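What follows is a short report on a single structure.
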Amino acid sequence: MTVEELRDAGVRAVALVLVDNAGITRMKCVPIDGLARAAERGIGWSSVWGLALSDDSFAHEPGLYSPTGDVRLRADLDAAALLGCSPGWAWAPIDHYEQTGEPWAGCQRAFLRWMVERAREQGIELQAAWELEWTVGDDGPDGFEALHDGPGYGAATFGQTGDVMLELFDALDASGLEAEQIHPEYSDGQMELSLAVREPLRACDESVLARHVVRTVAAQAGWRASFSPRVVVGSVGNGAHIHFSVWRDGENQLAGGDGPEGLRPAGEAFLAGVLEHLPALTALGAPAPVSYARLQPSHWAGAYACWGNENREAALRLEGTGGPAAARRANVEWKSVDCAANPYLVVGAILAAGLDGLARGCTLPPAVSADPAELPEGERDAAGIVRLPETLTEAAEAFAASGMLREAMGEFLHDCVAAVRRAEAAATSGLDEESLVERYRWRF
Ligand code: GLU
Ligand code: MG
């Protein structure tokens, strides 16, 4: 939207938003009169925020950490939206630029753009859709109090959830978002929203905007929304599943082919690349220590690196391949991702890994239809099904060792993310699940 369109729509202030490497959404706000300047010249931001941890401290990585240095945050007006639930407000994502006007090497949104461009050069296009889970509740005198206490998908929760869902449908619509579905989910207070399919950058922007709207609507109803991967000890966690389809020459490469489960060769190679790099990608999809409380076998969270058609325990779940709409609908859901993840890094990394698989002509192992956790260990090993990292430290080391991600992200962004992961793990080492859950409950 243009500044004039926003002004004509009654906008008086704009929330400019970024997601950092620790997955924290941060904002700076400008009055409408300052928006043109924020879009053209940008506003100041210390480059040290590339090393920010979730508790607002910084990874003091030698050679990277410095209190000196400033980047410019430029509002992307093409992606600006009205904040339907906050009259007078608009929202826009930002890009990081050098003072000289070049995109900053640490900009996560620029990384996604580069990967989209790299794919385009090879005739590949990705379509993406986010499915977000969160928990509505608040801290009470006796611990966490939830908006509803189930049952999962329970119509019995309607008395508690009906008004909130209606407000949410309205607020999402008034913010230009297309909510395909909302429902009360499995855990106490848990809810889920499915967003419409978009091109990658827009899908990620919309997932950030949707979370903003969800948090606002919950606050307006007197509650708080938490996107933390696990909000209550022992509960089913909150995922942020990313669905993607791979297109070439206008055709979905995940259906209509002679490969396994009907994949076309490019779809198989792309998926095989993502599968092969999944342990390293886990540091991006499950970036917080508390992510590993969620990423457990037999919780539909995708704890094993394998793929399967409609298998909800496979990290990569192929779906939508049956019936006449398969050519349009077939997609893969990467289930191991949660909302502590920076969406731009996640989708950029999917593209990088998939394109690597394509370049090397990778092929897939057989699809898995069982819960890998229930297979005898020998059978799992023989099928090459590996458990994804069980701690952030393990994931961080797999990420740091990934030459593929280093090449795609560039050394600076790769180093910053590795430093943030290691520091986040060090800051929480020895904490039990209860302390982790409390530490992160209101950060995401
Ligand atoms: N809550 C589960 C998770 O942690 C996902 C449940 C579902 O498949 O919707 O990802
Ligand atoms: Mg769900």
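Indexing begins at 1, ligand by ligand and atom by atom, following the structure's order. If you're wondering where the values come from, they're calculated on a predicted model, not measured in any experiment.
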List the atom pairs, with distances to 0.1 Å, where a side-chain N or O of residues 157-167 and a protein N or O form a donor-acceptor pair under 3.5 Å, not counting sequence neighbours.
from : atom 1 : to   : atom 2 : distance (Å)
T157 : OG1    : G154 : O      : 2.8
T157 : OG1    : T161 : OG1    : 3.1
T161 : OG1    : T157 : O      : 3.0

State if W300 counts as touching ligand 1 under the rule of any non-hydrogen atom under 4.0 Å.
yes

Ligand-residue contact atoms, ligand 1 with V236, heavy atoms, under 4.0 Å:
1 (N)

Under 4.0 Å from a heavy atom of E192: give me the atoms of ligand 1 that qualify, with their elements.
9 (O)

Evaluating non-hydrogen atoms only, which member of R230, Q296, H241, E185 is closest to atom 5 (C) of ligand 1?
H241

Would you please name every residue forming a side chain to side chain contact (heavy atoms under 4.5 Å, CB included) with E125, sequence neighbours left out?
Q127, W247

Based purely on interatomic distance, does A301 place a nitrogen or oxygen under 3.5 Å from a nitrogen or oxygen of ligand 1?
no

Determine, step by step, whether Y344 and D205 satisfy the side-chain hydrogen bond (donor to acceptor under 3.5 Å, both in side chains) criterion, reporting the C-alpha distance in whole Å, the side-chain angles of both residues, the deciding distance to 0.1 Å, and the verdict.
CA-CA 8 Å; Y344 306 99; D205 287 340; 2.5 Å; yes

Under 2.8 Å from the Mg ion (ligand 2), which protein N, O or S atoms are there? Could you list them by chain and number?
E133 OE2, E185 OE2, E192 OE1

Counting both backbone and side chain atoms, is some N or O of Y153 under 3.5 Å from an N or O of ligand 1?
no

State whether the shortest distance between N or O atoms of K335 and N or O atoms of ligand 1 falls below 3.5 angstrom.
yes

Rounded to the nearest 0.5 Å, what separates atom SG in C204 from atom CZ in R109?
9.5 Å

List, one per line, each side-chain donor-acceptor pair under 3.5 Å for residues 218-225, sequence neighbours excluded.
from : atom 1 : to  : atom 2 : distance (Å)
Q220 : NE2    : C85 : O      : 2.8

Quick one: does R294 get an N or O within less than 3.5 Å of an N or O on ligand 1?
yes

Check: N238 N/O within less than 3.5 Å of ligand 1 N/O
no

Would you please indicate if the ring centroids of F444 and W134 are separated by under 6.0 Å?
no

